[in-house]
Amino acid sequence: MKSLSSYFTFVTIIALLFSFTPSSADSHEKFVQCLYNYPHNTTSISNVVYTQSNTSYSSVLDVSIQNLRFFNASSKPLVIVTPLVVSHIQATIICSQRHGLQIRTRSGGHDYEGLSYVAEVPFVILDLINLREIEVDVENNTAWVQAGATIGELYYRISQKSNTLGFPAGVCPPVGTGGHFSGGGYGFLMRKYGLASDNVIDAHIVDVNANLLDKETMGDDLFWAIRGGGGASFGVIVAWKIKLVSVPSTVTVFRVPRTLEENATEIIRKWQLVADKLDEGLTIRINMGRVSQNGNLTVQAQFESLYLGGVDELIRLMQKSFPELGLVREDCTEMSWIESVLYMAGFTSGQSTDVLLNRTQLNGVQFYKAKSDYVRDPISDVGLEGLWPLLYEDEAEDAFVQFTPYGGRMDEISGSETPFPYRSGNIFHIQYGVNWQEEGDEASKRYINWIRRVYKYMEPHVSKSPRAAYLNYRDLDIGVNNNGYTSFSQARIWGIKYFDDNFNRLTRVKTKVDPQNFFRNEQSIPSLLSKGRK
Ligand SMILES: Cc1cc2nc3c(=O)[nH]c(=O)nc-3n(C[C@H](O)[C@H](O)[C@H](O)COP(=O)(O)OP(=O)(O)OC[C@H]3O[C@@H](n4cnc5c(N)ncnc54)[C@H](O)[C@@H]3O)c2cc1C
Ligand SMILES: *[C@@H]1O[C@H](CO)[C@@H](O)[C@H](O)[C@H]1NC(C)=O
Ligand SMILES: *[C@@H]1O[C@H](CO)[C@@H](O)[C@H](O)[C@H]1NC(C)=O
Ligand SMILES: *[C@@H]1O[C@H](CO)[C@@H](O)[C@H](O)[C@H]1NC(C)=O
Ligand SMILES: *[C@@H]1O[C@H](CO)[C@@H](O)[C@H](O)[C@H]1NC(C)=O
Ligand SMILES: *[C@@H]1O[C@H](CO)[C@@H](O)[C@H](O)[C@H]1NC(C)=O
Ligand SMILES: *[C@@H]1O[C@H](CO)[C@@H](O)[C@H](O)[C@H]1NC(C)=O
Ligand SMILES: *[C@@H]1O[C@H](CO)[C@@H](O)[C@H](O)[C@H]1NC(C)=O
């Protein structure tokens, strides 16, 4: 990961040897031959190339599918490459262009709409599952993390070296750093330290010309774009250098449920007034869903919290700022930060931190659909009370609505510092999600309709012009590109929802680094120069 300069001469020679003209889709045999012919000076590529006739093709494809909706997708990749070294990535980029194939890059496979492994065109998956080295430098409080590593692996490696260092990324351990850091990435340290992408200090990316670039050689614009603008539009990210953050050796957690009968609505009303103004070491998120109490349905709001300090200080803060929750000492547990990572991920207490290395979801893979919103003015009681009946409907049996507070560090970073624009002025972020078990289109349609109705219902209560959304909670309902040429104005429909005004700069960066729009998908940033390119 360190000797970048040696790659440049190597790549220049390759570029000369491999000048190409893009063609329409060839047979994938020619593509595979091209991969084999590409000079890989250290590690042969043939052990990491899977076509549909390889016996392990399906298991390699399926292992990182994190949404059952796309498990049996009719359009599967012609080839999967699981690179071991950078030259395998470079070869895949060069040969895909030569033979008219698209690339979908996959790190953890958590894309909500399956964009990292499903496409309606002939395509190759570049799956970074083998590139997951992590080097933690406790002297300088930094780490190099390869993009195929998961956040669970990262947290685990940090904890092996220090119990007072952490990293502000997501809650679910199998999430990949490739997608997660390039789209933002948040969890219980966001109010103190911002997003994962706010703590990226260098990166290695392979661009459309197969050049391996670092922060210096990629330049300010591209380095800006990949910290929140999504990696998939710009190249293949190989590794991130991140700044680790300090955490106290003792933190405190709690998870306190309140049903409607226990005044949940009133408590949520008060939460909206204080959640973004609390001490930035205190994060209280709310998970709402329906529960059954002796046969009667009600809504339960679960208040889930991490406090960066001991229980005495937490109780004092809560009595001062949020007594309505009625938190008592017995609700709270002191632990180390890494134990809190397990707690928030849903593991039972006392489990070994090794479980963070497991790339399988704790509750198994499900069918799901999710959407997101931002809230700038508190939602009225009437607004909340209109949401509850939706949670009693049949499709909402395994549905949730989650409120995550902003404020703290998020207020200090300007909206244009990275592509992620939603900082000060937002009280909280909402995720709506629905999971189901039944197979088939008919079931999918019913559950997806349910969540679309929830989203429609919430419209008057959330941000407008644009109605903001979070890229990492990918939602193709908010707009998509054509399968071919997409105008700036068409892409802007979804683009401003994720990026607000930053969409304009993202488009300029894309036009500069990938003018022919090779790296594209249903929601990739358009190039202003690729008119007519199929
Ligand atoms: C169960 C679950 C829990 C989650 N929890 C959180 C959370 O707590 N906080 C949060 O912020 N988000 C969360 N997310 C959302 C998550 O951040 C995004 O889905 C993220 O994009 C996943 O990254 P990935 O590498 O696993 O996904 P992938 O599906 O591999 O990739 C996602 C996108 O990034 C692109 N991409 C991936 N790797 C690279 C690369 N190396 N170079 C260029 N482009 C690349 C893909 O092509 C695709 O477009 C969660 C998602 C799930 C399913
Ligand atoms: C390829 O070989 C060159 C020269 O021997 C070396 O400098 C370079 O690091 C090698 N590339 C890889 C990917 O190992
Ligand atoms: C896939 O099959 C081909 C042809 O049998 C073989 O050469 C290649 O090594 C196989 N790939 C893997 C990863 O086993
Ligand atoms: C995928 O298809 C197979 C074969 O038809 C079927 O057995 C399996 O249940 C399907 N899985 C999903 C998740 O739809
Ligand atoms: C810390 O950074 C310095 C300066 O960049 C470097 O010389 C040193 O090797 C780093 N420490 C470790 C343990 O890598
Ligand atoms: C709910 O609020 C009412 C009115 O403020 C109060 O009397 C009652 O005790 C509360 N119930 C619970 C369970 O806290
Ligand atoms: C459930 O509803 C019935 C009828 O409204 C009511 O009599 C009963 O007390 C309720 N049970 C609980 C636990 O609230
Ligand atoms: C990984 O987690 C899954 C889901 O919880 C579990 O079934 C599996 O046994 C775990 N694997 C290992 C190696 O622990």
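Heads up: numbering here begins at 1 and tracks the sequence. Both ligands and their constituent atoms are indexed starting at 1 by order of listing.
For atom 34 (O) of ligand 1, the nearest protein heavy atom (residue, atom name, distance) is Gly179 CA, 3.5 Å. From the protein, the heavy atom lying nearest to atom 49 (O) of ligand 1 is Arg474 NH2, 3.2 Å.
Both the sub-6.0 Å distance and the 45° axial angle are not jointly satisfied by Lys371 relative to the ring of Tyr432. For the pair Arg255 and Tyr343, the distance from NZ or CZ to the six-membered ring centre is under 6.0 Å and the angle to the ring normal is within 45 degrees.
Residues Phe167 and Tyr193 keep their aromatic ring centres 6.0 Å or farther apart. Annotation: Tyr186 is not in aromatic contact with His180 [ring centroid separation under 6.0 Å not met]. Residues Phe428 and Trp271 bring their aromatic ring centres within 6.0 Å. Taking the six-membered ring where the residue is Trp, the centroids of Tyr470 and His429 are separated by under 6.0 Å.
Residue Glu397 qualifies as open at atom CD: its count of foreign heavy atoms under 6.0 Å is 12 or below.
When each atom of ligand 8 is checked for a heavy atom of Gln361 under 4.0 Å away, the hits are 4 (C), 5 (O). Here is the list of ligand 1 atoms found below 4.0 Å of a heavy atom in Tyr368: 53 (C).
Under a 4.0 Å N-O distance rule, the pair Arg285/Glu304 qualifies as a salt bridge. The pair Asp198-Arg227 does not meet the salt-bridge criterion, since no charged nitrogen lies less than 4.0 angstrom from a carboxylate oxygen.
Checking only distances, Asn358 does come within under 3.5 Å of ligand 8, N or O to N or O.
Around ligand 6 you find Glu262, Asn263, each with a heavy-atom distance below 4.0 Å.
Comparing Ile205, Thr177, Val365, Asp111 by heavy-atom distance to atom 33 (C) of ligand 1, the nearest is Asp111.
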